[in-house]
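Because the structure is a prediction, the values reported are computed rather than measured.
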Amino acid sequence: MKKLYVFTSSSCALCAMFKQMLNQESIPFNDIDVVKNHSFWKEISNQTGENLVPTFFIHDETDNSGLAYVPNRDFMDLEQGIKIIKEQI
């Protein structure tokens, strides 16, 4: 089983749009506020070398692996991010 974690900030308009798109597509996700969950965010940002939101992480619980996707590196717009998620989950 795979779980989706979306790293967001309350002051990020793109984050709000991304979450709205996920809800419209009925894609379940865990919303991780980067301020309230600083240690989890630090772990992801250290792995990616980036500090941009909305970043999303797809965790595969079957083998405890996962991939993080960063805006402007792994997806150029929110629609592309949604497409990646649909293909991976």
Side-chain angles (χ1 to χ4, degrees):
M1 182 173 164
K2 294 184 180 181
K3 285 191 175 179
L4 175 63
Y5 296 88
V6 181
F7 295 87
T8 65
S9 169
S10 60
S11 62
C12 170
L14 283 177
C15 296
M17 289 172 52
F18 194 59
K19 292 187 291 187
Q20 181 180 8
M21 292 169 71
L22 288 166
N23 286 325
Q24 288 173 343
E25 295 286 336
S26 298
I27 299 171
F29 65 97
N30 297 288
D31 183 14
I32 309 296
D33 184 294
V34 297
V35 174
K36 294 178 183 174
N37 297 282
H38 182 72
S39 60
F40 193 9
W41 172 238
K42 186 173 180 175
E43 182 180 329
I44 295 296
S45 61
N46 284 342
Q47 286 178 2
T48 64
E50 300 288 345
N51 194 27
L52 300 171
V53 290
T55 288
F56 61 89
F57 179 74
I58 299 173
H59 179 233
D60 188 340
E61 293 182 321
T62 58
D63 62 3
N64 203 31
S65 64
L67 288 173
Y69 296 85
V70 179
N72 299 325
R73 185 189 79 179
D74 302 309
F75 59 100
M76 296 303 122
D77 56 43
L78 299 180
E79 290 81 9
Q80 187 180 19
I82 296 292
K83 182 180 177 189
I84 291 168
I85 291 167
K86 286 181 171 182
E87 291 170 351
Q88 297 294 321
I89 291 188

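The pair E50-R73 fails the salt-bridge criterion, with no side-chain N (NZ, NE, NH1 or NH2) lying under 4.0 Å from an Asp/Glu carboxylate O.
Within 6.0 Å of atom NZ in K83, 12 or fewer heavy atoms from other residues, nucleotides or ligands are found, so the atom counts as exposed in its surroundings.
The nearest pair of heavy atoms linking P54 to C12 is CD-SG, 4.4 Å. Residues I58 and Q88 share a closest heavy-atom pair of CD1-CB, 3.4 Å. Of all non-hydrogen atoms in K2 and I89, the two that sit nearest each other are CD-CA, 4.4 Å.
With rounding to the nearest 0.5 Å, the separation of CD1 in I27 from CD1 in I82 is 5.0 Å. With rounding to the nearest 0.5 angstrom, the CG atom of L52 is 10.5 Å from the CG atom of L14. Note that CG of N46 is 9.5 Å distant from CG of N51, once rounded to the nearest 0.5 Å. Atom OG of S9 sits about 10.5 Å away from atom NZ of K36, to the nearest 0.5 Å. The CG atom of L67 sits 9.5 Å away from the CD atom of Q47 when rounded to the nearest 0.5 Å.
When side chains are defined from C-beta on, D60 does not count as touching K3, because their heavy atoms never get closer than 4.5 Å. Between D33 and S10, some side-chain heavy-atom pair lies under the 4.5 Å cut-off. Considering only heavy atoms from C-beta on, P71 comes within 4.5 Å of T55 through its side chain.
Taking the ring centroids of F56 and F29, they lie at or beyond the 6.0 Å cut-off.
Put simply, I84 and M76 are part of two different groups of oily side chains (I, L, V, M, F, W, Y) that touch within less than 4.5 Å, one to the next. When the side chains of ILVMFWY residues are joined at heavy-atom separations under 4.5 Å, either directly or via intervening members, V34 and F57 end up in a single hydrophobic cluster. The hydrophobic cluster containing I44 also contains V35, counting ILVMFWY residues as joined when their side-chain heavy atoms lie under 4.5 angstrom apart, directly or transitively. Under a hydrophobic-cluster definition in which Ile, Leu, Val, Met, Phe, Trp and Tyr are linked whenever side-chain heavy atoms come within less than 4.5 Å, directly or via other members, I32 and V53 are assigned to the same cluster. At a threshold of 4.5 Å between side-chain heavy atoms, the hydrophobic network of Ile, Leu, Val, Met, Phe, Trp and Tyr places F75 and V6 in one connected group.
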- Message: Could you walk me through whether H59 and L4 satisfy the side chain to side chain contact (heavy atoms under 4.5 Å, CB included) test, starting with their C-alpha distance in whole Å, then the side-chain angles of each, then the deciding distance to 0.1 Å, before giving a yes or no?
- Response: CA-CA 6 Å; H59 179 233; L4 175 63; over 6 Å; no

- So F18 and I85, side chain to side chain contact (heavy atoms under 4.5 Å, CB included) or not? Walk me through it. CA-CA 12 Å; F18 194 59; I85 291 167; 3.7 Å; yes

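Ring-plane geometry between W41 and F7 is classed as tilted, the angle between the planes lying from 30 to 60 degrees on a 0 to 90 degree scale.
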